[in-house]
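Here the structure is laid out as structure tokens; the discussion comes afterwards.
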There are 2 protein chains.
Amino acid sequence: MHRRPTNGKLFLRGPYRLPVMPRAVTVGLHAAIVAVTEEEPRILTVSEGAADRRLAALPFGPLDPDRHRTLELGLRVWVHEQTGMELAYVEQLYTFGDRDRALAADGRTLLLAVAYLALVRERQVAEGHTAAWQGIYRFLPWEDRRDGEPEMFGSHIRPALAKWVNAATENSVRHERRGRADITFGSGAAQWDSERVLDRYELLYEAGLVAESARDKEPAAHAVDAIRPEVGFGAPLALDHRRILATALGRLRGKLKYRPLVFELLPGTFTLLQLQRTVEALVGVRLHKQNFRRLVERGSLVEGTGELEPDTGGRPAELFRFRREVLHERPAPGVGLPGLPAGQ
Amino acid sequence: MHRRPTNGKLFLRGPYRLPVMPRAVTVGLHAAIVAVTEEEPRILTVSEGAADRRLAALPFGPLDPDRHRTLELGLRVWVHEQTGMELAYVEQLYTFGDRDRALAADGRTLLLAVAYLALVRERQVAEGHTAAWQGIYRFLPWEDRRDGEPEMFGSHIRPALAKWVNAATENSVRHERRGRADITFGSGAAQWDSERVLDRYELLYEAGLVAESARDKEPAAHAVDAIRPEVGFGAPLALDHRRILATALGRLRGKLKYRPLVFELLPGTFTLLQLQRTVEALVGVRLHKQNFRRLVERGSLVEGTGELEPDTGGRPAELFRFRREVLHERPAPGVGLPGLPAGQ
DNA sequence: TCACTTATGCTCAATTTGAGAATTACAATA
DNA sequence: TATTGTAATTCTCAAATTGAGCATAAGTGA
């Protein structure tokens with residue numbers, strides 16, 4: 001969007017007039033492409049140069065209204081060009097556009113980022129593409145609580161948060177910070193809410209605890225290869241991409257409960273334990289096995305195929321398939337999370 | 001965004017390069033401002049000219065990175081300029097950018113629309129502003145089922161949908177259409193899902209049943225003042241604004257269940273019946289009174305003030321207030337909808 | 001055959017729904 | 001003042017759902 005003479009006709013078919021013409025905005029389409037393999041949620045990243053000199057980024061490209069009929073189609077084009085991947089399930093996440101956090105190198109162009117979540121089954125990345133799958137918890141390590149609170153949480157995050165809280169000189173600010181830290185990270189009266197992924201990342205960002213905070217404040221002082229993961233606070237990503245990743249994971253965790261999204265990540269047939277492990281990997285907590293099975297079976301989300309999977313290490317498990325019909329039956333069919341009192 | 005020589009440095013601080021420069025995009029900020037008064041959900045609309053010659057529109061304006069530090073702040077500025085209103089609760093809804101549906105009058109500029117939902121207590125519109133509150137169900141009449149299925153549903157919508165289904169010559173298309181109509185409008189095996197507001201509007205749009213469909217197809221043939229409400233299918237709004245309204249209502253209905261949003265719409269103290277009526281107005285269905293009370297009270301969402309509201313027409317009701325503390329206690333405190341099996 | 005591992009089935013108490021009856025408190029009216 | 005109407009508020013009760021665990025089944029490898 002460039003400055004030029006205002007033209008009332010330009011914007012609308014109707015008689016509405018836009019009072020002022022804006023300066024310079026660029027619209028980017030960004031994809032958080034998620035898969036779960038070997039009980040680990042992964043994200044597809046790209047990197048255009050030598051891996052050791054560049055930060056990983058999510059696949060992205062600018063919206064081109066000439067080529068892209070819709071935003072989502074534009075996204076698919078970019079993803080295909082950069083990773084060779086054809087996306088099935090795609091959903092829009094959020095549009096980011098803070099001036100402080102998404103300014104182009106010219107310091108004048110605002111980079112508007114429309115972020116998407118895509119779910120796929122992990123595949124080998126096609127020839128000729130440098131894209132790579134990486135574990136999501138490499139970037140957001142505090143989000144994985146399947147084996148209880150991770151070690152780095154107590155050793156690094158909690159103390160750093162406490163320091164941040166006490167760094168406030170004003171009493172009211174300190175109180176406000178403590179409350180916010182309690183809610184987002186589930187200390188004090190509040191419990192851990194697995195969906196508040198973005199809140200947690202944002203808090204760490206504001207507290208200056210992730211590499212991106214420093215980079216955005218002092219772009220000059222932080223050339224790309226100067227950005228290094230800080231121990232315990234996860235690896236950084238290019239641009240705003242860790243924020244997008246956090247948004248994606250939070251949305252996915254929430255939506256899992258009322259939409260049958262997991263099945264986008266699983267093969268056509270799967271055992272109930274595979275299903276459970278996939279959900280656990282995403283939500284980052286362990287679930288009660290028998291109750292989980294009861295829920296998905298009673299919810300008629302799956303049906304047995306009669307076939308058995310013998311490689312379980314124990315008794316062979318029956319293979320199930322997703323019953324697509326539920327989409328036509330109930331309003332909000334999700335996997336439901338036994339042991340997780342709504343919202344956890 | 002204007003075509004100009006590609007400059008790798010323009011876009012990123014890092015070494016990423018955007019392969020192609022896009023053509024022309026304009027970013028608009030649009031606000032669906034919702035209030036509930038007298039048991040009726042309302043939306044704030046603006047209209048720049050004589051009311052009888054113009055369609056109502058939502059408050060909106062272009063993003064101006066010079067003046068607006070963030071998208072949300074830009075939205076607040078526009079809303080304030082156009083309506084005199086200061087917004088409290090604001091949340092981003094969705095970014096729309098279909099080329100077919102949001103092209104400027106020049107036929108070349110894509111109008112990207114970033115839509116927001118805002119919740120307020122209804123107020124008199126300030127002097128000097130032409131903004132007006134209008135009932136939401138004037139635009140989406142089929143969404144109000146508080147008195148059962150509305151009359152126009154059986155008389156107009158259902159037959160029109162059936163016609164649309166049968167208009168498909170190919171068998172598979174017909175089957176697919178019927179399935180979609182069943183899911184979104186809750187016929188056949190499917191139940192009415194109050195959250196699928198957008199799906200329903202989109203289906204009516206695609207079926208050519210709302211005024212906007214024709215307008216977008218034949219802009220020339222449908223000058224603004226030629227767009228007239230079609231009986232039973234609700235009044236049209238300018239641009240894509242009815243779609244934004246549908247998105248807003250759907251989001252609000254969903255979020256009500258797990259976040260205490262209703263209280264943004266209520267005065268500081270209120271009776272439990274007022275609370276219930278407000279929820280009902282938004283969700284568009286009636287709730288079981290005793291169970292509703294049980295839920296909000298057991299959920300500790302509210303606390304009694306001891307004061308009584310005598311003007312109930314019967315026994316005076318106790319006045320309650322929202323317990324802000326719940327935000328610090330439980331992960332997902334919503335009003336819960338008794339009688340509504342999750343997702344309804 | 002035994003030890004081990006995982007799948008699957010089943011039980012049971014505690015809670016949470018869904019629905020409605022019963023009781024209370026005020027206003028208006030006979 | 002007694003009666004009637006309208007809501008508010010309290011209770012009850014059966015049905016369904018959840019949370020937790022025990023028991024049994026069916027494979028594998030030693």
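Every chain is numbered from 1, with letters handed out A, B, ... down the list of sequences.
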In whole Å, I'd like the distance from the [atom1] atom of [X] to the [atom2] atom of [N].
X	N	atom1	atom2	result
A:Leu275	C:dT8	CG	P	12 Å
A:Phe292	D:dT17	CZ	P	18 Å
A:Asp311	C:dT5	CG	P	17 Å
B:Arg298	C:dA14	CZ	P	17 Å
A:Arg286	D:dG19	CZ	C1'	18 Å
A:His288	D:dT17	NE2	P	18 Å

Next on the checklist: Taking the side chain as everything from C-beta on, heavy atoms only, tell me whether B:Met85 gets closer than 4.5 Å to B:Leu44.
Outcome noted: yes
| said: Students often mix this up, so state it plainly: with edges at 30° and 60°, are the rings of A:Phe322 and A:Phe263 parallel, tilted or perpendicular? | reply: parallel
Under a 4.0 Å heavy-atom criterion, the protein footprint on nucleotides 6-16 of chain D, written with B, S and -, is BBBBB------
Is a side-chain donor or acceptor of A:Arg277 paired with a backbone partner of A:Glu39 at a separation under 3.5 angstrom?
no
So, B:Arg42 side chain and B:Thr37 main chain: donor-acceptor pair closer than 3.5 Å or not?
yes
Walk me through it: do A:Glu303 and A:Arg324 pass the test salt bridge (Lys or Arg N to Asp or Glu O under 4.0 Å)?
-> CA-CA 10 Å; A:Glu303 62 189 354; A:Arg324 299 218 159 263; over 6 Å; no
Please determine whether a side-chain nitrogen of the Lys or Arg among A:Arg259 and B:Asp193 lies less than 4.0 Å from a carboxylate oxygen of the Asp or Glu. yes
